[in-house]
Amino acid sequence: MSDVVRIGSRASKLARTQVTEWLTPITRRFPDVRFKREVVLEGGDQDRVTATLAEVAKTTGGSAFSTNQEQALITGRVDVIVQSLKDLPTTVYEGTTLLAPPGPREDVRDVLCGATLDTLPQGARVGTGAPRRIGQLLALRPDLELVPIRGNVPGRLARATKGGLHAVVLAAAGLNRLGLMPEVHQILDPAVCPRPPDRARSASRSAPTPRPPGSWPEPETRRSMHASAPNAPCWPNFTEAAPFPSGHGAGSDPTVCCI
């Protein structure tokens, strides 16, 4: 009977898309391994009322979008979690290691959806709840009114046309993965609006296992992963370092994967 690898992720369409994207090269390499997806709801998924994710994190006692998945991993409920690296803290649980992505990074840039910086009127209302994006936008356009928004990608995107906002800021990676890049948009120059290095997919596993052979990701991805989680040890490409199939399956050393 084939091993079963339990993959934890959030419930959104984007999370499902990321799992599929992550699994595609893995399943080709390990055709005899069965993969089972487990939905893990985070505090940010369960609390739809609190205005900002920072407030949600205070209530939940951890990250709004990663704490429960990491707990599911280290307690053995799942073997792997697939997650955006930007949603993980800069340090990981002791014994876990980030694994490099099985594929290249997605677009790392932010996108102003519904308008461009030049066409936004004076005092325009722009939706974003990220402190980094708020600071960067105000540096470019101090007149803007930044409005906290939350929700999935389609819901936030709709606010630019139906929610009393002139525009919203979203990540290019999520828009690309869902095929939702709007007709009117501006991709923000990363030299002016730099992002944390969050578009690498990775995995981390717990237990001190010797590093397996395999190639490291391309230097840019490796540097980005290290910059995002400088205190987390990194393993080679996940297709080389996967915790299966040789004697590993459900109940094996858990693995955190980020996309």
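Not a single donor-acceptor pair under 3.5 Å links the side chain of D110 to the backbone N or O of L188. A distance-only check finds no donor-acceptor pair linking the side chain of D107 to the backbone of A172 [under 3.5 Å]. A donor-acceptor pair under 3.5 Å is formed between the side chain of R125 and the backbone N or O of G164. Although no hydrogens or angles enter the test, the distance criterion places a donor-acceptor pair under 3.5 Å between the side chain of R16 and the main chain of A11. Judged purely by atom type and a 3.5 angstrom limit, T75 uses its side chain to pair as donor or acceptor with the backbone of Q71. Side-chain atoms of H166 do not come within 3.5 Å of backbone N or O of A124 as any donor-acceptor pair.
H185 places none of its side-chain heavy atoms less than 4.5 Å from the side chain of L112. Within the 4.5 Å cutoff, the side chain of L180 has no heavy atoms near those of the C113 side chain. The shortest side-chain heavy-atom distance between V126 and E145 does not fall under the 4.5 Å cut-off. The shortest distance between side-chain heavy atoms of I7 and I81 does not fall below 4.5 Å. Taking 4.5 Å as the limit, every side-chain heavy atom of L14 sits out of range of all side-chain heavy atoms of N152. Side-chain contact between Q18 and E21 is absent, with no heavy-atom pair separated by less than 4.5 Å. Annotation: side chain of V111 is in contact with side chain of M181 (closest heavy-atom distance under 4.5 Å). Side-chain contact between L117 and L137 is present, with heavy atoms from C-beta onward closer than 4.5 Å.
Taking CZ of R177 as the reference point, atom OG1 of T17 lies at 9.0 Å (rounded to 0.5 Å). Rounding to the nearest 0.5 Å gives a distance of 10.5 Å between OG of S9 and CD of E42. Atom CG of N68 and atom CG of L41 lie 8.0 Å apart (nearest 0.5 Å). Between the CG atom of L178 and the CG atom of L170 there is a distance of 10.0 Å, given to the nearest 0.5 Å.
One finds no salt bridge joining D118 and R141 here, because no Lys/Arg side-chain nitrogen approaches an Asp/Glu carboxylate oxygen to under 4.0 Å. Note on R6 versus E38: no salt bridge recorded, every NZ/NE/NH1/NH2 to OD/OE distance being 4.0 Å or above.
Cluster annotation: W22 and V5 are assigned to the same hydrophobic cluster (Ile/Leu/Val/Met/Phe/Trp/Tyr, side-chain heavy-atom contacts under 4.5 Å, transitive). L146 and L140 fall within the same hydrophobic cluster, where Ile, Leu, Val, Met, Phe, Trp and Tyr residues are linked whenever their side-chain heavy atoms come under 4.5 Å apart, directly or through other members. Under the 4.5 Å side-chain heavy-atom criterion for ILVMFWY residues, a single connected hydrophobic cluster contains both L157 and L165.
Side chains of T116 and T119: a donor on one and an acceptor on the other come within 3.5 Å.
Partner of F35 under the side chain to side chain contact (heavy atoms under 4.5 Å, CB included) criterion, chosen from I26, V4, D79: I26.
Minimum interatomic distance between A160 and V168 (heavy atoms only, all atoms of both residues): N-CG1, 4.1 Å.
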